[in-house]
Protein chains: 2
Amino acid sequence: MEPLGLNIQVQSNLYIKNPDSSALGREILAKSIELINQIGFESFTFKKLSQVIQSTESSIYRYFKSKHSLLIYLTSWYWMWVDYKIVMATTNIDDANTRLNKAITVLTQPLKKDNFTSSINIEWLDRIIINESIKAYHTVDVDSENKKGFFQAYKNVVNRVAQLVQDVNSSFPFPHMLVSTVIEGAHQQRFFSEHLPNLTDADKTDAITQFYHQMVLKMLA
Amino acid sequence: MEPLGLNIQVQSNLYIKNPDSSALGREILAKSIELINQIGFESFTFKKLSQVIQSTESSIYRYFKSKHSLLIYLTSWYWMWVDYKIVMATTNIDDANTRLNKAITVLTQPLKKDNFTSSINIEWLDRIIINESIKAYHTVDVDSENKKGFFQAYKNVVNRVAQLVQDVNSSFPFPHMLVSTVIEGAHQQRFFSEHLPNLTDADKTDAITQFYHQMVLKMLA
DNA sequence: CAACTATGATAGTAATACTCTTATCTTTGC
DNA sequence: GCAAAGATAAGAGTATTACTATCATAGTTG
């Protein structure tokens with residue numbers, strides 16, 4: 001099948017120079033995802049990345065002002081992608097319950113690559129979100145970065161699904177809390193099932209999806 | 001009222017020298033909590049702490065081998081304290097539902113100081129858990145540290161409450177997943193309500209407690 | 001009072017997270 | 001086909017971090 005001609009455009013204050021606008025920029029995105037996955041975000045440095053892509057630290061700094069802002073870029077990209085997946089899964093579906101269920105499935109299962117052209121490997125990015133994304137907003141600068149709209153993509157997803165929740169049950173008083181609990185919970189459980197299995201009952205990811213579907217169903221009943 | 005003569009003893013491989021065994025050690029605990037709260041864990045250094053307590057870096061290093069292990073010590077202490085609170089809240093209560101509800105209340109509300117002697121300010125520590133505790137286990141070393149039992153205190157709490165869940169409904173297939181979702185969810189929502197309010201509907205902490213009580217009730221019905 | 005332990009004072013190191021400057025290479029516009 | 005502009009490379013420099021190591025001194029105990 002032909003790849004879709006779509007392109008995810010991250011908001012411009014998340015980079016210095018748009019990494020999507022040059023070969024080097026796309027290389028930075030592609031290989032940073034690989035490297036962060038390999039060694040973890042704390043050990044990841046622009047110096048190491050520059051060696052991997054056979055470029056220099058200073059060149060990378062022309063795209064991103066810090067490794068932290070690169071992480072924010074990647075998470076934004078991820079949530080825009082998820083938003084797109086949810087739209088794709090729910091358009092032209094008439095039944096509100098079905099729409100919500102499809103959205104919950106997108107949110108609770110590992111993302112799979114599909115026909116989309118990009119330098120970004122979604123499955124690896126998905127792993128980064130599970131392991132590192134929390135570090136993007138658990139900082140002293142949350143409030144000021146929030147004001148600059150750095151977390152907008154994530155909020156958009158929560159709002160979109162909260163709307164689906166309200167379509168199912170308009171009197172439910174906590175739609176955002178429910179959605180963010182499901183999203184964060186599903187991610188945490190995936191992390192736990194891999195590293196701290198005593199904290200979960202999820203031997204397979206299926207249990208996670210099942211659990212959160214049940215939760216949404218029962219909370220809105 | 002007389003303070004209880006209890007003392008929380010953190011497992012010995014979480015420190016080099018027991019900080020509870022000397023005035024300097026207790027000062028390290030007390031003031032590190034204060035400082036981490038003030039400037040955040042990333043900006044927190046042993047050098048800055050040594051200035052606050054009018055001691056030296058090298059002296060602090062004699063108690064903890066790194067700031068990371070200090071954080072693990074603090075989180076362990078916290079979960080042992082929570083475990084104690086849950087035991088206190090549930091002993092001699094005959095009804096399984098009431099027991100579980102009391103435990104959920106402990107887990108979803110900000111901790112309050114009570115009659116307990118310690119150099120540790122529980123309310124501040126509670127804030128650290130909300131803001132920083134995730135950094136204690138979201139690292140490349142999770143697996144090896146887990147093997148050493150570094151997260152045992154947390155697991156104990158989850159297991160204890162999972163047991164209460166099973167007392168209410170022994171056929172519920174996901175007791176651990178439910179409990180860890182509630183714990184982590186309540187913490188996240190408290191963080192969100194302060195910093196990213198769009199992701200929650202919790203203007204007051206009461207909404208959080210209410211939401212998770214409802215969740216447990218409905219999941220086990 | 002001797003021996004031991006705890007703490008202090010100080011120095012040193014490799015790595016990190018950048019910034020800055022200068023040189024070279026590649027486009028593109030005319 | 002060439003000059004100017006823009007992108008990238010190369011390299012040096014800096015303050016800070018997260019330690020380690022050594023030696024001196026103060027306090028405590030037997």
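Computed over heavy atoms, backbone and side chain alike; hydrogens, waters and symmetry mates excluded. From a predicted model like this one, the values you see are computed outputs, not experimental measurements. Every chain is numbered from 1 and lettered A, B, ... according to where its sequence line falls, protein lines coming before strand lines.
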d(CD, A/Glu42; C1', D/dT17) in whole Å: 14 Å
For the atom pair CZ (A/Arg62) and CG (A/Leu24), what is the distance rounded to the nearest 0.5 Å? 9.0 Å
Given side chains that start at C-beta, do those of B/Ile8 and B/Ile120 come closer than 4.5 Å, heavy atoms only? no
If you take the centroid of each ring, where Trp contributes its six-membered ring, are A/Tyr78 and A/Trp81 closer together than 6.0 Å? no
CD1 of A/Ile60 versus C1' of C/dT16: gap in Å, rounded? 14 Å
Taking the minimum atom-to-atom distance to the side chain of A/Glu57, which one of D/dA10, C/dC18, C/dG8 wins? C/dC18
B/Lys48 NZ - D/dT17 C1' separation (whole Å): 10 Å
Degree of bending in the helix from C/dC1-D/dG30 to C/dC30-D/dG1 once both end axes are built from five pairs, to 10°: 10°
Closest to the B/Tyr63 side chain: D/dA18, C/dA6, C/dC20? C/dA6
Assert: residue with more 5' nearest nucleotide on DNA chain C, out of B/Ser22 and A/Thr45, is B/Ser22
Does one side chain, of A/Tyr154 or A/Ser133, offer a donor that lies under 3.5 Å from an acceptor on the other? no
In whole angstrom, what separates A/Lys65's NZ from C/dA17's C1'? 12 Å
Find the distance B/Ile16:CD1 to D/dC19:C1' and express it as a whole number of Å. 11 Å
Write down the distance between CZ (B/Phe41) and C1' (D/dA18), rounded to a whole number of angstrom. 12 Å
Nearest-neighbour nucleotide for the A/Ser58 side chain, D/dA18, C/dG8, D/dA10 considered: D/dA10
By the 4.0 Å heavy-atom rule, please label B/Lys47 as base, sugar-phosphate, or nothing. nothing
Of all the nucleotides listed (C/dT16, D/dT8, D/dA10), which has the minimum atom distance to the side chain of A/Leu24? D/dT8
Pair up each side-chain donor or acceptor in residues 37-44 of chain A with any protein partner under 3.5 Å, not counting sequence neighbours, and list the distances.
unit_1, atom_1, unit_2, atom_2, d
A/Asn37, ND2, A/Trp124, O, 2.9
A/Glu42, OE2, A/Lys135, NZ, 2.6

Going by side chain to side chain contact (heavy atoms under 4.5 Å, CB included), name the residues that satisfy it together with A/Gln166, two or more places apart in sequence or in a different chain. A/Gln163, A/Pro175
Quick one: A/Phe46 CZ to D/dG11 C1', roughly how many Å, whole number? 19 Å
Check this for me: does the side-chain of B/Arg62 come within 3.5 Å of the base of C/dG8 through a donor and an acceptor? yes
Nearest of C/dT16, C/dA17, D/dA18 to any side-chain atom of A/Tyr61? C/dA17
Heavy atoms, side chains only, cut-off 4.5 Å: are A/Pro19 and A/Ile28 in contact? no
Strictly below 4.0 Å: does A/Ser59 bring a side-chain N or O up to OP1 or OP2 of D/dA9? yes
Value in whole Å for how far the P atom of D/dT17 lies from CG of B/Leu49: 13 Å
